[in-house]
Amino acid sequence: MNVKELEHEYLAATYGRQNVTFVRGEGSFLFDEQGKRYIDFGAGIAVNGLGHGNKKWLSAVTEQAAKLAHASNLYYTEPMAKLAEVLCERSGMKRVFFGNSGAEANECALKTARKYASDKGRGTDIITLKNSFHGRTMATLSATGQDGMHKDFAPFLPGFVYAEANGFEDFRRKCTPDVAAVMLELVQGEGGVIALEKSYVQRVAEYAAANDVLLIIDEVQTGNGRTGTLYAYMQYGVQPDVFTTAKGLGNGLPIGVCLFGEKTQSVLTPGTHGSTFGGNPVACAGALAVLEQIDDELLEGVKRKDAKITSVLSSCRGVLSVSGLGLMIGVECKNARDVMNRALENGLVVLTAHEKLRLLPALNIEDDVLDAGLSVLSGILS
Ligand SMILES: *Cc1c(COP(=O)(O)O)cnc(C)c1O
């Protein structure tokens with residue numbers, strides 16, 4: 001049987017896959033079984049932020065894999081300790097917990113909020129936003145404010161309250177003494193690449209701080225340079241009590257991290273949380289190589305490339321609007337799925353989010369590769 005036949009026979013049918021089998025990647029190019037080359041505007045859903053086979057990342061992970069691939073959290077290992085230091089120094093947070101995915105990082109944030117409230121003997125509800133996405137586990141699915149994803153999986157974890165995005169009055173009304181935390185995605189990714197308004201986020205942050213309600217920010221997709229700053233909250237002018245990140249930190253290997261600020265750094269105590277794979281030396285060595293490369297020059301490039309993409313696509317006849325922040329871009333057009341399929345036939349990988357096209361190219365995509373991909377896309381959208 002070939003790959004597609006094996007898949008249909010042996011894999012749970014959870015994914016509607018695009019009709020292509022990728023076998024190799026190099027920078028912002030992917031190659032299929034026949035050796036056909038594609039320009040990659042998807043970066044493995046914002047994971048391969050530095051492209052495929054990034055040299056520094058590759059040597060960090062191969063060297064670490066040869067030395068020690070796993071020891072478990074019963075022992076000290078160096079890569080996770082060093083990565084925790086770099087993450088805290090660059091984010092202003094105090095401590096971290098390592099897991100293996102975005103959902104796990106968010107689980108940790110939600111458990112921390114519940115324990116923070118229970119330690120203080122106060123309400124344990126958590127406000128999240130409508131149209132948000134926080135993961136696929138039962139707790140993160142409960143946090144996710146999309147009815148479509150809730151179908152078929154009741155009962156959910158109690159204690160979640162969904163508020164209108166960008167509606168401060170709705171938030172304030174729902175932020176009763178029962179509430180322990182508010183969790184925000186600063187750019188709703190899966191929900192259609194919609195950036196929250198800065199003034200809204202700042203008002204929520206101020207109100208939360210004044211009422212001892214924790215501000216949790218889900219930077220699973222927006223983090224690690226994707227929006228033009230190391231983390232998106234840095235351009236919103238707020239400092240979270242807890243934030244999570246994953247995708248781009250791994251550049252291809254699974255890693256998730258929950259970071260704690262001043263107020264929350266001592267909430268989790270021995271035995272209250274754990275993960276067998278969490279803080280895996282290979283993934284952490286790779287993540288260190290990723291963070292090392294996210295510098296001012298790369299971040300300036302993200303903003304410059306965003307401006308170019310937005311200007312080229314905004315002038316296409318078939319484009320109704322362009323949204324997002326940095327290299328997290330939503331393109332409103334008719335029949336986004338058809339556009340995605342035609343792009344693939346023409347050697348360009350793009351994604352969708354709800355009814356939009358979604359572009360998440362590598363942060364270091366070369367300008368000529370970006371131009372070539374944009375010309376395929378504007379050809380389809382003109
Ligand atoms: C992808 C994503 C998640 C879930 O991450 P997984 O690694 O798939 O568990 C959670 N929150 C946001 C904002 C995401 O984009």
Side-chain angles (χ1 to χ4, degrees), residues 12 14-17 42-49 97-113 126-146 148-150 153 157 160 162 165 181-196 201 215-227 231-233 236 240 242-259 275 277-280 283-284 286-287 290 323-330 351-354 356 358-361 363:
T14 52
Y15 302 107
R17 295 194 205 272
I45 320 183
V47 167
N48 300 99
F97 177 87
F98 289 116
N100 312 287
S101 67
E104 270 185 73
N106 286 339
E107 284 276 340
C108 179
L110 297 169
K111 279 182 73 174
T112 301
I126 296 166
I127 296 180
T128 63
L129 297 188
K130 292 179 185 166
N131 197 46
S132 59
F133 179 77
H134 297 295
R136 302 282 194 169
T137 62
M138 283 308 298
T140 58
L141 192 57
S142 303
T144 292
Q146 297 191 49
M149 291 196 181
H150 286 182
F153 296 103
L157 204 65
F160 286 94
Y162 310 104
V182 53
M183 183 166 179
L184 305 176
E185 242 181 314
L186 296 176
V187 184
Q188 296 189 328
E190 308 298 314
V193 202
I194 304 161
L196 294 183
V201 172
L215 176 65
I216 303 174
I217 297 186
D218 178 345
E219 296 250 13
V220 169
Q221 189 164 161
T222 52
N224 313 297
R226 176 56 54 189
T227 67
Y231 294 101
Y233 71 79
Y236 275 83
V242 175
F243 86 89
T244 57
T245 194
K247 293 189 167 95
L249 185 61
N251 202 55
L253 286 177
I255 187 168
V257 49
C258 181
L259 299 91
S275 162
F277 280 115
N280 171 270
C284 288
V290 168
S323 63
L325 197 61
L327 286 177
M328 194 170 167
I329 296 173
L351 312 172
T352 58
H354 281 203
K356 286 183 185 172
R358 176 165 49 149
L359 310 181
L360 298 164
L363 312 182

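Whatever order the structure lists them in is the order used to number ligands and atoms, beginning at 1.
Residue contacts with ligand 1 for Ile45 are absent, since no atom lies close enough (heavy atoms, distance under 4.0 Å). Residue contacts with ligand 1 for Ser101 involve both N, CA, C or O and side-chain atoms from C-beta outward (heavy atoms, distance under 4.0 Å). Residue contacts with ligand 1 for Glu185 involve side-chain atoms from C-beta outward but no N, CA, C or O (heavy atoms, distance under 4.0 Å).
A donor and an acceptor atom, one from each side chain of Asn106 and Asp218, are located under 3.5 Å apart. In this structure, a donor-acceptor pair under 3.5 Å is absent between the side chains of Glu185 and Gln221.
Remark: ligand 1 and Glu104 share no N or O pair separated by less than 3.5 Å (distance only, no angle test). Inclusion of Gly135 in the set of residues having an N or O under 3.5 Å from an N or O of ligand 1 is not warranted.
Gly102 CA, 3.3 Å is the protein heavy atom nearest to atom 5 (O) of ligand 1. The protein heavy atom nearest to atom 9 (O) of ligand 1 is Ala103 N, 2.8 Å. Protein heavy atom closest to atom 1 (C) of ligand 1, with residue, atom name and distance, is Lys247 NZ, 1.5 Å.
No donor-acceptor pair closer than 3.5 Å links the side chain of Arg358 to the backbone N or O of Met328. Using modelled atom types, one side-chain atom of Ser323 and one backbone atom of Val193 make a donor-acceptor pair closer than 3.5 Å. No side-chain donor-acceptor contact under 3.5 Å links Thr222 to the backbone of Val187. Remark: side-chain polar atoms of His134 are not paired, donor with acceptor, to backbone N or O of Ser142 under 3.5 angstrom. Under the 3.5 Å distance criterion, the side-chain polar atoms of Glu219 are matched with a main-chain donor or acceptor of Tyr233.
Note that atom 11 (N) of ligand 1 has protein non-hydrogen atoms nearby, at separations under 4.0 angstrom.
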Residue pair Gln146, His354: steps toward the side chain to side chain donor-acceptor pair (under 3.5 Å) verdict: CA-CA 11 Å; Gln146 297 191 49; His354 281 203; 3.0 Å; yes
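Near Asn106, meaning under 4.0 Å from any of its heavy atoms, are these atoms of ligand 1: 10 (C), 11 (N). Per-residue contacts place Gln221 under 4.0 angstrom from the following atoms of ligand 1 (heavy atoms of the residue considered): 15 (O).
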